[in-house]
Amino acid sequence: MSHANDPDLLRRLRRADGHLATVVRMVEEGRDGLVIAQQMQAVIKALEKAKQMLILDHIDHHLGAAADALPPEVQRKIAEFREITKYL
């Protein structure tokens with residue numbers, strides 16, 4: 001499935017969008033800075049997770065099928081590459 005129509009990715013992005021709208025409203029209302037910072041952190045985490053999903057999808061989509069024809073050692077390197085993305 002392409003990231004262009006991945007329902008999980010779209011759901012995460014919409015959730016982040018909703019969190020961000022809440023942060024904007026909180027700032028406009030003059031809410032407490034600590035609470036705003038906590039909500040901003042939630043937005044950042046949601047976007048980071050969405051970015052990770054997008055990158056993994058890209059790797060799987062563009063390298064996954066092609067990797068099947070590669071030698072096992074190269075397949076392991078691709079699997080390691082995919083695994084390290086969790087640290088993005």
Side-chain angles (χ1 to χ4, degrees):
M1 174 179 302
S2 169
H3 61 270
N5 56 10
D6 183 342
D8 291 332
L9 178 60
L10 291 171
R11 191 172 19 261
R12 284 187 182 277
L13 289 172
R14 286 186 183 111
R15 188 176 314 133
D17 186 43
H19 281 303
L20 183 57
T22 299
V23 170
V24 170
R25 192 168 43 256
M26 292 170 74
V27 169
E28 290 171 343
E29 294 170 354
R31 299 276 302 272
D32 181 64
L34 176 60
V35 176
I36 293 170
Q38 290 170 334
Q39 289 302 310
M40 290 175 105
Q41 186 62 29
V43 172
I44 291 166
K45 287 293 186 184
L47 288 174
E48 286 175 343
K49 185 62 179 176
K51 178 180 72 172
Q52 184 182 35
M53 287 179 67
L54 177 70
I55 291 169
L56 288 174
D57 176 72
H58 188 78
I59 290 169
D60 292 343
H61 183 74
H62 293 285
L63 295 177
D68 293 339
L70 297 173
E73 181 179 318
V74 176
Q75 290 180 16
R76 279 192 297 279
K77 292 288 185 188
I78 291 172
E80 288 174 10
F81 181 71
R82 187 184 190 286
E83 181 68 20
I84 201 168
T85 63
K86 69 182 175 185
Y87 299 108
L88 288 171

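Scope of the values below: all heavy atoms of this structure, side chains included, with no hydrogens, waters or symmetry mates. For clarity, every value in this text was computed on a predicted model and none was experimentally measured.
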Any ion pair linking D17 and R14 (charged N to carboxylate O, less than 4.0 Å)? no

Please check if the number of heavy atoms outside E73 that lie under 6.0 Å from its CD is greater than 12. no

About how many Å separate CD1 of I78 and CD of E80, when rounded to the nearest 0.5 Å? 10.5 Å

Distance in Å, E83 CD paired with L56 CG, rounded so as to fall on 0.5 Å steps: 9.0 Å

Roughly how far, to the nearest 0.5 Å, is CG of L9 from CG of L13? 4.5 Å

Please table the atom pairs, donor to acceptor, closer than 3.5 Å between any side-chain atom in residues 32-55 and protein atoms at least two apart or in another chain.
residue : atom : partner : partner atom : Å
D32     : OD2  : L34     : N            : 3.2
K49     : NZ   : Q52     : OE1          : 3.4

Rounded at 0.5 Å granularity, tell me how far OG1 in T85 sits from CD1 in I59. 5.0 Å

